[in-house]
Amino acid sequence: MNFESAKDQLTKVLVTEEQINSRVAELAAEIDKRYEGKDVLLVGVLKGAVMFMADLSRALSISTSMDWMALSSYGSGTVSSGVIRILKDLDAEIHGKDVLIVEDIIDSGLTLSWLETTLKARGAASVEVVAFLRKPDAAKVEVPVWLVGFDIPNEFVVGYGLDYNEKYRSLNCVAVLDPKVYS
Ligand code: PRP
């Protein structure tokens, strides 16, 4: 799906497909440099990180494995409480592994803060984070993040994995959802 095919539901493009591709290549180069000669476990957070994981992992030259978690935060509606429930856990132990968390977006930071603490507590040799998007103005907790694709304003964005009611994940860019869609 592209912006044109949903333009009556979107207000503007924040990150184009071309910008996504070139930034993913830059991020992959950084990751290759840091982990040269190592085996890295990429941990994706379902479902939003699917597109980013697919592109980033294929852009990497280093040897990687992939695993996934599905998380849900307790809370009403869009208000996150910071209490995280595991819907699907990792398939394998991570003790002694170099883990790279692959996230689509850091909003309040609560999910990532919890996840980083949890994976470190399981005995990973190292835990780093690459997040495709970050909303600095929405932060409730400061989470140190190694790599960020783009800092974006605190708007309702969809596309490149991000959804509204499970829609727009397949949009090939990141766009702002027209408020009329959710109001
Ligand atoms: C989104 C996103 C992050 C989290 C970020 O997931 O993928 O995991 O929220 O928010 P936070 O920084 O406020 O914790 P969501 O719960 O929407 O699930 P989804 O990826 O399946 O859409």
Side-chain angles (χ1 to χ4, degrees), residues 1-6 10 13-72 86-107 109 111-112 115-116 118-120 122 124-135 143-152 157-164 166-177:
M1 184 195 248
N2 60 24
F3 182 79
E4 203 52 35
S5 53
L10 306 169
V13 176
L14 274 189
V15 189
T16 67
E17 189 178 15
E18 291 71 28
Q19 288 172 317
I20 292 172
N21 292 341
S22 76
R23 190 69 183 121
V24 166
E26 287 173 4
L27 295 170
E30 288 291 320
I31 295 165
D32 277 340
K33 203 163 32 161
R34 179 176 188 137
Y35 293 103
E36 198 186 344
K38 288 191 172 175
D39 237 304
V40 179
L41 176 66
L42 305 174
V43 169
V45 185
L46 294 167
K47 306 170 191 165
V50 165
M51 306 296 172
F52 182 43
M53 174 72 102
D55 288 344
L56 184 71
S57 60
R58 286 178 298 170
L60 291 171
S61 301
I62 51 164
S63 162
T64 59
S65 309
M66 213 184 273
D67 207 343
W68 298 90
M69 279 182 106
L71 306 171
S72 157
I86 299 176
L87 303 177
K88 184 226 168 283
D89 207 337
L90 298 173
D91 289 337
E93 294 290 314
I94 59 166
H95 190 89
K97 293 190 175 167
D98 289 305
V99 172
L100 179 60
I101 297 171
V102 179
E103 256 289 27
D104 53 335
I105 189 164
I106 303 169
D107 207 314
T111 303
L112 193 56
L115 184 58
E116 215 179 356
T118 301
L119 299 187
K120 279 180 180 158
R122 291 183 185 184
S126 67
V127 179
E128 291 293 346
V129 180
V130 55
F132 182 65
L133 300 171
R134 178 174 60 185
K135 288 181 178 173
V143 196
V145 177
W146 173 41
L147 291 174
V148 174
F150 298 93
D151 277 323
I152 58 167
V157 293
V158 293
Y160 200 57
L162 292 154
D163 75 311
Y164 170 64
E166 298 302 327
K167 286 186 157 185
Y168 310 103
R169 291 197 198 272
S170 62
L171 185 65
N172 65 0
C173 60
V174 177
V176 177
L177 188 63

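For reference, positions follow the sequence shown, starting with 1.
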Engineer: Please walk me through it: do Glu30 and Arg34 pass salt bridge (Lys or Arg N to Asp or Glu O under 4.0 Å)?
Structural biologist: CA-CA 6 Å; Glu30 288 291 320; Arg34 179 176 188 137; over 6 Å; no
Engineer: Determine the interplanar angle of the Phe150 and Phe132 rings, folded into 0 to 90°, and report it as parallel if under 30°, tilted if 30 to 60°, perpendicular if over 60°.
Structural biologist: perpendicular
Engineer: Do Thr64 and Tyr35 have side chains that get closer than 4.5 Å, going by heavy atoms?
Structural biologist: no
Engineer: Can you find a pair of side-chain heavy atoms, one from Glu128 and one from Val99, that are under 4.5 Å apart?
Structural biologist: no
Engineer: If we only count heavy atoms from C-beta on, is the Arg122 to Leu90 side-chain gap below 4.5 Å?
Structural biologist: yes
Engineer: Hey, are the side chains of Tyr160 and Val24 touching, using non-hydrogen atoms and a 4.5 Å cut-off?
Structural biologist: yes
Engineer: Would you check, one step at a time, whether the test salt bridge (Lys or Arg N to Asp or Glu O under 4.0 Å) holds for Arg169 with Glu166?
Structural biologist: CA-CA 7 Å; Arg169 291 197 198 272; Glu166 298 302 327; 2.9 Å; yes
Engineer: Applying the side-chain contact (heavy atoms from CB on, under 4.5 Å) criterion to Cys173, which one of Leu10, Asn2, Val13, Val15 satisfies it?
Structural biologist: Val13
Engineer: Using the side-chain contact (heavy atoms from CB on, under 4.5 Å) definition, which of the options Ile105, Asp107, Val148 pairs with Arg134?
Structural biologist: Val148
Engineer: Does Asp67 reach the main-chain N or O of Asp91 with its side chain, forming a donor-acceptor pair under 3.5 Å?
Structural biologist: yes
Engineer: One pair to check against salt bridge (Lys or Arg N to Asp or Glu O under 4.0 Å): Asp55 and Arg23. What are the steps and the verdict?
Structural biologist: CA-CA 11 Å; Asp55 288 344; Arg23 190 69 183 121; over 6 Å; no
Engineer: Between Asp32 (side chain) and Ile62 (backbone), is there a donor-acceptor pair under 3.5 Å?
Structural biologist: yes
Engineer: Looking at Lys88 and Trp68, would you say the former's side chain and the latter's main chain have a donor-acceptor pair under 3.5 Å?
Structural biologist: yes
Engineer: Using every non-hydrogen atom in the two residues, find where Ala175 and Phe3 come nearest and quote the distance to one decimal.
Structural biologist: CB-CD1, 4.3 Å
Engineer: Do Asp104 and Val45 come within less than 4.5 Å of each other through their side chains, counting heavy atoms only?
Structural biologist: no
Engineer: Between Ser57 (side chain) and Met53 (backbone), is there a donor-acceptor pair under 3.5 Å?
Structural biologist: yes
